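It should be emphasised that the depicted structure is a prediction, and the values quoted were computed from it without experimental measurement.
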Amino acid sequence: MEPSESLEFQSCFNEFECAKLKLPLDYFNGTYPDETVSIAITKLPARVSVDDPRYGGPILINPGGPGGPGALFAVLIGHSLQNIVDSDEIPSIASADAKYYDILGFDPRGIGETTPRAYCVADPAASWSWTLRENTEGILGSSDAALGRLWSMTHAWGASCKQAVDAEEGPDIKQYMTTASVARDMLEIVEKHAAYVAERLARLSSKTHGCHKPDAAFAKPSEAKLHYWGFSYGTYLGSTFASMFPDRVGRVILDGVVSSYDYNHSLGNGSLTDNAKAMYSFYTYCVQSGPEACPLMTENSTADDVKDRVESIVESLYHNPLAINSPTGPEIFTYSDLKGLLFSACYQPQPVFSIIAEILAAVEAGHGDVLDSLSFAYRYTHIYSCPVNGSAPAVDYTSSVATYSILCSDGIDSPHVSIDEFVEYWKLLESMSPTSGAIWAMLRMRCLAWQIKAQYKYEGAFGGNTSHPILFISNTADPVTPLRSGRIMHNLFPNSGLLVVDQAGHCSVAAVDLCTLTHIKAYFQTGALPKENTLCIPPPSPFSLNSTDPESPFYDPSLVDAQSGITTATENVNEIRTAAEEQLLIAGYDMARTIAEHDLIGVGRLSGLGEKWKNLMKIAVQEYAAPLI
């Protein structure tokens, strides 16, 4: 598809439309004024025509990362997301107040189908081989030598990436990938789409003689506002946009909220505030599920008993990885693999806690059927696949180059940090979260080794009143974007709202909750925020946290005042739901399942498991997932 300076959509992926939008490489400093980027866009069109007064315009989406591909995200979850945000009513009989939206995903600079793509090693095979070597080394603390080796490997990678940039003639995309540049691209997409709508309206008006009266703001580029739903890092992107362009904010949901301060410090230690709580929810899940669902349980086990047992199983692999034998070839399961699984499982407890319990029990026993699934999930991650007959290589959605091009360029510069100073930081994270500290510390190690300087990054203040209030959504036990971060960002934007969900996992899509989905729909339909102190409490299940109960291990006194604002759209799971509620739950389940199955939030990139995690998630969702409705 040839890029163009205006949006020229073509049919693709059945009901979708695709475009490549040519935008300036450098908005801020004017370097290389003739150079451009080509942004890949996919759109699921609204269920009504653009000349219908109920047309709501496009909702842009971002899956997080940084480094997540939004165009693919839209293709995979577009229908489900549209069912969540659109009116329950069929357009042919819907009221004049109903809203129907386009769902628009785009691959940010350097990512996915957007060109030019970010890479450090031009040879894909050499790049793949180096990543395999890094992953084989394990995580920090996985051996006495791991720290020194990972420090040297990371700094060799960072320096080599910089030398490759210096050897090029002309610009390198990695210098132009900061969140500020992507936020500016988003404004261009909003304005270009408004121009596209204006053109469509002109054509339709000539046929209908101006009978319909659409919302004129959607057709005026200078007035068009951003509608947006961003997850995880996508909340930092949304906060950056709102801080740079506060008068261009429409209905914006920031889900799984990243603190701008923590992010700018390489996703610092504040990100793990609730990580241990999320991990503990696995132990309480086992207690509330019983031995049949969680083989780590005995009849009288407590959550602390399960915790001790899990920690013992993890330590058993430190010197002695588990040998896995299969007819297709050998595999080993290491200390680093298991720590990575536990870290990743906290992102989406409902689909994976069951299979994680099975894996832990099998490791303890030294055998088990689940190890066959594990062998299948891991085998193809160390087999390199070549393009067929000289064709172009497939787009690599697991590469970490884009992640660090963005994260390390956005953050504050940290020159001359010694390995001893880094170890102090790592040990601090370990004290907060023994499960995840070593994995999360690797983000900072990468950024300490990153030598490529961005041409521009946003260094202004975050926050302020926006033209429409933002809705922040935070879980009470999110492993990497804690409730603390949601409150911080909510306070920085005084006219915003904050919806708290009492559940473990990353972002609201970690589970399916009618209360949360109802508030999201209401926000996109009417623009109304939930009442202050609204707390969504999902129906009782083995995953329940009960954070307002003083007897619960997750008790949070700060939520006591929120009890008066509790909204449980249908508190009793046995209560008869309306057809609209059932359809909303189905849409929520479909979206949560798809995000889990394809690792669209990108936990594999951050945990170091990559394709291993994605392959395991496909098995977990298909074979082991507990009912989410």
Side-chain angles (χ1 to χ4, degrees), residues 14-17 42-61 73-74 77-105 190 193-194 197 200-201 204 208 211-219 224-230 249-255 468-471 473 497 499 508-509 512-531 534 536 567-570 576-592 594 629:
N14 296 322
E15 300 173 66
F16 287 81
E17 296 176 347
T42 57
K43 183 177 75 168
L44 178 62
R47 295 180 174 118
V48 297
S49 174
V50 296
D51 63 343
D52 191 312
R54 299 167 302 177
Y55 173 64
I59 296 175
L60 276 63
I61 56 176
F73 192 48
I77 61 97
H79 285 287
S80 301
L81 193 147
Q82 193 175 64
N83 287 334
I84 292 171
V85 301
D86 274 2
S87 171
D88 296 327
E89 300 175 295
I90 300 172
S92 60
I93 61 172
S95 66
D97 295 330
K99 290 293 181 187
Y100 301 92
Y101 292 96
D102 303 313
I103 305 302
L104 190 152
V190 169
H193 196 276
V197 171
R200 291 284 305 277
L201 285 174
L204 290 169
T208 61
C211 293
H212 291 159
K213 295 182 179 180
D215 188 334
F218 296 130
K225 291 180 170 57
L226 172 72
H227 297 327
Y228 178 71
W229 190 349
V249 174
R251 297 177 188 181
V252 169
I253 287 183
L254 303 182
D255 189 342
H468 191 277
I470 297 168
L471 174 57
I473 303 178
L499 177 64
S508 68
V509 293
V512 180
D513 170 48
L514 187 57
C515 169
T516 307
L517 292 169
T518 300
H519 283 297
I520 290 170
K521 181 181 285 289
Y523 177 75
F524 278 117
Q525 284 297 302
T526 69
L529 296 171
K531 293 179 181 178
T534 295
C536 282
T567 305
T568 52
T570 304
I576 297 175
R577 302 188 184 103
T578 66
E581 288 175 335
E582 289 286 355
Q583 290 302 311
L584 188 56
L585 282 170
I586 290 170
Y589 172 77
D590 287 343
M591 187 164 80
T594 302
I629 298 179

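Going from atom CG of Leu499 over to atom CD1 of Ile253 covers 8.5 Å, rounded to the nearest 0.5 Å. A distance of 4.5 Å separates CG in Asp51 from CG in Leu204, rounded to the nearest 0.5 Å. Asn14 contributes atom CG, which lies 11.0 Å from atom CG of Leu44 (distance to the nearest 0.5 angstrom).
Between Lys521 and Asp88 there is a salt bridge, with a side-chain nitrogen of the basic residue lying less than 4.0 Å from a carboxylate oxygen of the acidic one. Look at Lys99 and Asp86 and you find no salt bridge, because none of the NZ, NE, NH1 or NH2 atoms lies under 4.0 Å from a carboxylate O.
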Could you give me the CA-CA distance, side-chain angles and deciding distance for Leu584 and Asn83, then say whether side-chain contact (heavy atoms from CB on, under 4.5 Å) is met? CA-CA 7 Å; Leu584 188 56; Asn83 287 334; over 6 Å; no
Between Leu585 and Arg577, is a side-chain contact (heavy atoms from CB on, under 4.5 Å) present by the stated rule, with each step listed? CA-CA 10 Å; Leu585 282 170; Arg577 302 188 184 103; 3.3 Å; yes
Apply side-chain contact (heavy atoms from CB on, under 4.5 Å) to residues Ile470 and Val249 and explain how you reach the verdict. CA-CA 8 Å; Ile470 297 168; Val249 174; 4.1 Å; yes
Step by step, work out the side-chain contact (heavy atoms from CB on, under 4.5 Å) result for Tyr55 and Arg47. CA-CA 8 Å; Tyr55 173 64; Arg47 295 180 174 118; over 6 Å; no
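Residues Tyr101 and Pro58 fail the side-chain proximity criterion, which asks for heavy atoms closer than 4.5 Å. Here the side chains of Trp229 and Ile84 are in contact, with some heavy-atom distance below 4.5 Å.
Although no hydrogens or angles enter the test, the distance criterion places no donor-acceptor pair under 3.5 Å between the side chain of Ser49 and the main chain of Asp52. Proximity of a side-chain donor or acceptor of Gln583 to a complementary backbone N or O of Ala580 within less than 3.5 Å is not detected. For His227 (side chain) and Arg251 (main-chain N/O), a donor-acceptor pair under 3.5 Å exists by modelled atom type. In this structure a side-chain-to-backbone donor-acceptor pair under 3.5 Å is present from Arg54 to Pro91.
Nearest heavy-atom pair across Val252 and Tyr523 is N-OH, 2.9 Å. Taking each heavy atom of Cys536 and Thr516 in turn, the nearest pair found is SG-N, 3.6 Å. Here the closest non-hydrogen pair linking Ile473 and Ser508 is CG2-CB, 4.1 Å. The shortest non-hydrogen separation linking Phe524 to Tyr228 is CZ-O, 3.8 Å. The two residues Ala74 and Ile61 make their nearest non-hydrogen contact at CA-CD1, 3.8 Å. Heavy-atom minimum distance, Gln525 versus Val85: NE2-O, 2.9 Å.
Every residue two or more places apart in sequence or in another chain that forms a side chain to side chain contact (heavy atoms under 4.5 Å, CB included) with Ser80 is listed here: Asp590, Met591.
Checking Leu104, Ile103, Asp102, Val50 one by one against Pro45, the side chain to side chain contact (heavy atoms under 4.5 Å, CB included) holds for a single residue, Asp102.
Ring orientation note: the planes of Phe16 and His79 are nearly perpendicular, at an angle over 60° on the 30°/60° scale.
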